[in-house]
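Nothing fancy with the numbering, it's 1 onward along the sequence. Just so it is clear, the structure is predicted and the values come from calculations on it, not from any experiment. Just the heavy atoms: all of them, side chains too, but no hydrogens, waters or symmetry mates, feed the values below.
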Amino acid sequence: MKAARDAIRAVNVGMRSNYATLKSELIKRLTPVIIVQNDYRGGRYYLVHNGETISEHPVPEIFELAKSIAHIPLGMFSILAPYLSKRVPPHHLKAGDMFARDLEMVAFHGPESENWVLPLQEFGQTIDTARRRLEEAELPARLQASCAAILDGASTFIAASTRARSFSMQQFEDFSGSVYGDIRVNMEFASRVQIQGVEDIMTRWRAKVGEAGWKELYVVVLSIWTTSVLNQNSIILKQYLNPDTVDTHLLDIVTAEFPADSVSLALDNLARIVQDNIAAEMVFSTDQRVADALKGKEDLLSQEILIQLGQTPPASATAASFAAAQGACPLGHTAQA
């Protein structure tokens, strides 16, 4: 029996080997493709075109500077969180916006330890240095003012809490709430220059690729899970792509962390997508629903599992995207004359 089952398994091994061979050859022929690796500088952009790969960071430096100061409360939280009380405070209990178990796991040391004092003081020194040099950075006046307010608010909180050698969640939220308006100003400046930078690179690369190639362009955006929905780069990029294919050619791929080789990772995933688009129609020529599943993110067994669990399978998002790309209503409605 074992030999017979091994012979059956060998079929799958052969399939995967042939699939991998096709993918490796297809990767060499993927063009044009833009790959975006989200990072702290607004994203590194890669253009893969006719065997050549070029890259740059298109977003102006203001993006990184504005976000750097806006991240101060998060940096302080990262130091203080393990030393929080493990009990959800009344205002969060009332709001129902915090899981008790989450807090218990994050506050793994608890308030009995004072080991947070020195790290917070050290971070405070970094903040104070940035404050002293702020004017030399020659930021726009409104951005400079918001950065100054965040830096000053942080310094005040750090001085008070380290002097008292204690803090509470409410005290920290009072501080973070007091600088929220200034953080929003920094977000405004970061967003504005990111839009400008992406517009510039997309205009230049469109001219390089040409209109015919641009209509078939694939864009792969790599991001971590926490920024994968309504990703900033994807939102901006969408308006520069062919409206007939944007739903199928702008691809958001979630990674566990920043990959060592963004281009290889993106092209490997894209090759799977491209070859599956063709395989779906040829392998499942008699069942469009399953073909659409192979084209998209669904596991091929998902529909059958839902049926066996007594649940109704959802409509195919992939079918809707392809229908939209062809100018058809995904619900099957005919256009009115």
Hphob cluster co-occupancy, [X] + [Y], side-chain heavy atoms under 4.5 angstrom:
{"X": "Y46", "Y": "V59", "value": "no"}
{"X": "M187", "Y": "M76", "value": "yes"}
{"X": "I201", "Y": "L250", "value": "yes"}
{"X": "I195", "Y": "V219", "value": "yes"}
{"X": "I183", "Y": "L65", "value": "yes"}

Judged by modelled atom types alone, do N233 and N38 share a side-chain donor-acceptor pair under 3.5 Å? yes
Exercise: do Q144 and E138 side chains pair donor with acceptor under 3.5 Å: no
Salt-bridge present ([X], [Y]; N to O < 4.0 Å):
{"X": "E188", "Y": "R184", "answer": "no"}
{"X": "R289", "Y": "D292", "answer": "no"}
{"X": "E104", "Y": "K86", "answer": "no"}
{"X": "D152", "Y": "R131", "answer": "yes"}

Using the side chain to side chain donor-acceptor pair (under 3.5 Å) rule, take T203 and R206 through it: C-alpha gap first, then chi angles, then the decisive distance, then the call. CA-CA 5 Å; T203 300; R206 183 170 188 162; over 6 Å; no
Geometric class of the F167/W116 ring pair [parallel <30°, tilted 30-60°, perpendicular >60°]: perpendicular
Measure up the F172 and F157 rings against each other and bin them: parallel (under 30°), tilted (30 to 60°), perpendicular (over 60°). perpendicular
Please step through side chain to side chain donor-acceptor pair (under 3.5 Å) for the pair E173 and H92, ending with a clear verdict. CA-CA 11 Å; E173 290 175 6; H92 284 297; 2.6 Å; yes
Student check: side-chain heavy atoms of [X] and [Y] closer than 4.5 Å:
{"X": "W214", "Y": "N242", "answer": "no"}
{"X": "C147", "Y": "L134", "answer": "yes"}
{"X": "I224", "Y": "V254", "answer": "no"}

Look up atom OG in S302 and atom CD1 in I307, then write down how far apart they are to the nearest 0.5 Å. 9.5 Å
CD1 on I273 to CG on L30, rounded to 0.5 Å: 10.0 Å
Enclosure of [X] [atom1] (heavy-atom neighbours >12, cutoff 6.0 Å):
{"X": "R87", "atom1": "CZ", "answer": "no"}
{"X": "Q311", "atom1": "CD", "answer": "yes"}
{"X": "Y40", "atom1": "OH", "answer": "no"}
{"X": "M282", "atom1": "CE", "answer": "no"}
{"X": "F99", "atom1": "CZ", "answer": "no"}

So, for [X] and [Y], which heavy atoms are closest and what is the spacing to 0.1 Å?
{"X": "N186", "Y": "A66", "result": "ND2-O, 2.9 Å"}
{"X": "A149", "Y": "V179", "result": "O-CG1, 3.9 Å"}
{"X": "L103", "Y": "S85", "result": "CD2-O, 3.7 Å"}
{"X": "A271", "Y": "L26", "result": "O-CD2, 3.4 Å"}
{"X": "K295", "Y": "D276", "result": "CG-O, 4.2 Å"}

Under 6.0 Å from the six-membered ring centre of F189 and within 45° of its axis: does the NZ or CZ of R192 meet both? yes
Could you name each residue pair satisfying salt bridge (charged side-chain N to carboxylate O under 4.0 Å, His left out) that touches residues 51-64, not counting sequence neighbours? E52-K208, E56-R204
Sequence neighbours left out, what pairs pass salt bridge (charged side-chain N to carboxylate O under 4.0 Å, His left out) with at least one residue falling in residues 17-27? K23-D268, E25-K28, E25-R29
Quick one, Q125 with Q121, criterion side chain to side chain donor-acceptor pair (under 3.5 Å). Give me CA distance, side-chain angles, the key distance, then yes/no. CA-CA 6 Å; Q125 292 170 1; Q121 287 175 330; over 6 Å; no
Evaluation steps, side chain to side chain donor-acceptor pair (under 3.5 Å), between D128 and S155: CA-CA 7 Å; D128 291 342; S155 293; 2.8 Å; yes
